[in-house]
Amino acid sequence: MTLDEPLSLSRGRLRGDRLQAVGLHGVRGLRSAMGKQRGRVMSQRANPRGTFLKVADSVKRQIESDLNMTELPPLAEVMRDHKVSRGVALRAFGVLRQEGMAEPVPGGRWRVVRAGAEVDRRPLDQRVAEVIVTDGLAAGEAFPSASVLAERFGVSRPTVTRALEKLEAAGVLAGGGQGRVRTVRAVPAREEHS
């Protein structure tokens, strides 16, 4: 009997193309041989160790080739494209973070960090309040929707909604709610958004 023949052990019996009576010593020897063969097959498979480094290199090349890229691809997309688990994708993003190419942002996303580029790390409600000044909005004018702001700042809508609620509580914005347009109540003082 050779190791190339299909066989399996079940309850001490040998099954394959040919049935043979094997003594106790023969079964142990056969199990040992099957274990060695299984070890050879396992060593021929792709080594998962270092896979996250390959994924990190791939994403790094993508960042370097697309200068307009501001966010890393979503984890689900990286998992699908590279056929890896969530843990491997997160480790790859961690490598990019260590190299200073990316950083996590609220909402489970990752932002691309470019050398020499300034990143505004102020709280979102302060950055949203600055929209009033930069867009030249006056009291009583309509404020951009949560969807527009989410795209503008690269965060999720619920994150923007929380920031808008803070501004409503501070008296900067009025309105809001289901289907209602938020309006500017007061222009923030200069020290609030500096």
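Keep in mind the model is a prediction, meaning the values are calculated, not measured.
By the rule that hydrophobic residues join a cluster once side-chain heavy atoms approach within less than 4.5 Å of another member, Leu167 and Val148 end up as members of separate clusters.
For the residue pair Ala146 and Thr161, the shortest heavy atom distance occurs at CB-OG1, 4.1 Å. Looking at every heavy atom in both residues, Leu137 comes nearest to Val187 through O-CG2, 4.0 Å. Considering all non-hydrogen atoms of both residues, Met79 and Ala89 come closest at CG-CB, 4.1 Å. The nearest pair of heavy atoms linking Val181 to Ala142 is CG1-CB, 3.7 Å. Heavy-atom minimum distance, Ile132 versus Ala186: CD1-O, 4.1 Å. Counting all heavy atoms, side chain and backbone alike, Val59 lies closest to Pro73 at CG1-CD, 4.4 Å.
The local environment of CZ in Arg157 is sparse, with at most 12 non-hydrogen atoms from other residues, nucleotides or ligands closer than 6.0 Å.
The structure places OG1 of Thr159 at 12.0 Å from CG of Asp125, a figure rounded to the nearest 0.5 Å. Between atom CZ of residue Arg61 and atom CG of residue Asp66 there is a gap of 14.5 Å, rounded to the nearest 0.5 Å. Summarising the geometry, atom CZ belonging to Arg182 is positioned 7.0 Å from atom CD belonging to Glu165; distances are rounded to the nearest 0.5 Å. Distance check, rounded to the nearest 0.5 Å: CD of Gln98 to CG of Leu96 gives 9.5 Å. Once rounded to the nearest 0.5 Å, the distance linking CD of Gln62 with NZ of Lys60 reads 13.5 Å. The distance from the CZ atom of Arg152 to the OG atom of Ser145 is 11.5 Å, given to the nearest 0.5 Å.
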- Message: Under the criterion side chain to side chain contact (heavy atoms under 4.5 Å, CB included), I'd like the reasoning laid out for Phe93 against Leu75: C-alpha separation, chi angles, the key distance, then a yes or no.
- Response: CA-CA 9 Å; Phe93 283 8; Leu75 279 175; 3.6 Å; yes
- Please report the C-alpha distance between Leu72 and Val78 in whole Å, then the side-chain angles of each, then the deciding distance to 0.1 Å, and finally whether the side chain to side chain contact (heavy atoms under 4.5 Å, CB included) criterion is met. CA-CA 9 Å; Leu72 293 184; Val78 171; over 6 Å; no
- Message: Applying side chain to side chain contact (heavy atoms under 4.5 Å, CB included) to Asp81 and Glu77, what does each step give before you reach the verdict?
- Response: CA-CA 6 Å; Asp81 292 349; Glu77 185 178 314; 3.6 Å; yes
- Task: Assess whether side chain to side chain contact (heavy atoms under 4.5 Å, CB included) is satisfied between Leu124 and Leu149, documenting all intermediate values.
- Result: CA-CA 10 Å; Leu124 184 61; Leu149 292 170; over 6 Å; no
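The list of ring pair (Phe, Tyr, Trp, His ring centres under 6.0 Å) pairs with a residue in residues 126-158, not counting sequence neighbours, is empty.
Between the side chain of Glu141 and the backbone N or O of Ala138, at least one donor-acceptor pair lies under 3.5 Å.
For the pairing with Met101, the side-chain contact (heavy atoms from CB on, under 4.5 Å) check across Arg97, Glu103, Glu99 returns one residue only, Glu99.
A salt bridge is defined here as a Lys NZ or Arg NE, NH1 or NH2 lying under 4.0 Å from an Asp or Glu carboxylate O, and Lys54 with Asp57 fails to meet this definition.
Here Arg80 pairs with nothing under the side-chain hydrogen bond (donor to acceptor under 3.5 Å, both in side chains) rule; sequence neighbours left out.
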